Amino acid sequence: MDKIQTLTSENGVVIFSKSTCCLCYAVTILFQELGVEPLVYEMDHEPDGWEIEQALLTQGRNSTSVPAVFVGGNLIGSTNEVMSLHLSGALIPMLRPYQTLA
């Protein structure tokens with residue numbers, strides 16, 4: 001979907017989320033704690049949210065559509081993938097270009 005491509009190419013870190021999803025919230029807070037301010041696109045607050053959710057499901061993701069985390073225009077995955085990257089030490093180097101100085 002063009003909107004996904006546009007958002008992920010114009011923003012370093014994008015989280016497609018739903019406001020009622022606790023895992024989406026946890027991933028967003030993790031990124032903020034790591035010094036990154038992601039663009040959080042709350043699909044349940046947007047008129048085209050359902051179409052975006054369907055498009056994300058067709059991008060080789062698991063059965064869940066949120067959170068869908070993109071870094072540098074690439075789909076990283078959902079909560080499991082983000083946490084695995086973080087625990088292995090691979091997430092911070094990936095996020096370094098998008099960290100803000102405190």
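Values below: all heavy atoms of this structure, side chains included; hydrogens, waters and symmetry mates excluded. Values in this document were obtained by computation on a predicted structure and should not be read as measured data.
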Given the side-chain rings of Phe31 and Tyr98, with only the six-membered ring counted for Trp, is the space between their centroids under 6.0 Å? no
In the single-linkage hydrophobic clustering (I, L, V, M, F, W, Y; side-chain heavy atoms under 4.5 Å), do Trp50 and Val66 co-cluster? no
Treat each ILVMFWY residue as a node, draw an edge where side-chain heavy atoms are under 4.5 Å apart, and state whether Val27 and Tyr25 are in one component. no
Mind checking what makes side-chain contact (heavy atoms from CB on, under 4.5 Å) contact with Ser19, not counting sequence neighbours? Glu42, Asp44, His45
Taking the side chain from Gln99 and the backbone from Leu34, do they hold a donor-acceptor pair closer than 3.5 Å? yes
Out of curiosity, Met43 CE to Glu53 CD, how far, rounded to the nearest 0.5 Å? 4.5 Å
CG/Leu75 to CD/Glu81 distance, rounded to the nearest 0.5 angstrom? 8.0 Å
Side chains of Leu56 and Phe70 in contact at under 4.5 Å (non-hydrogen atoms): yes
Polar side-chain atom of Thr100 near backbone of Gly35 as donor-acceptor pair, under 3.5 Å: yes
Approximate separation, where rounding is to 0.5 Å, of Ser9 OG and Asn74 CG: 11.5 Å
Is any side-chain heavy atom of Met83 closer than 4.5 Å to one of Leu30? yes
Kindly state each residue pair satisfying ring-ring contact (aromatic ring centres under 6.0 Å, His included) with at least one member in residues 72-95, sequence neighbours excluded. none
Do Ile52 and Glu46 have side chains that get closer than 4.5 Å, going by heavy atoms? no
Check whether any side-chain heavy atom of Leu39 lies under 4.5 Å from a side-chain heavy atom of Glu10, and answer yes or no. no
In plain terms, say whether Lys3 and Glu51 are close enough for a salt bridge, that is, a side-chain N and a carboxylate O under 4.0 Å apart. no
With a 4.5 Å cut-off on side-chain heavy atoms, are Tyr41 and Ile15 touching? no
Counting only N and O atoms by type, is there a donor-acceptor contact under 3.5 Å from the side chain of Ser78 to the main-chain atoms of Pro67? yes
Considering the options Val69, Val14, Val71, Val13, which one meets the side-chain contact (heavy atoms from CB on, under 4.5 Å) requirement together with Pro38? Val13
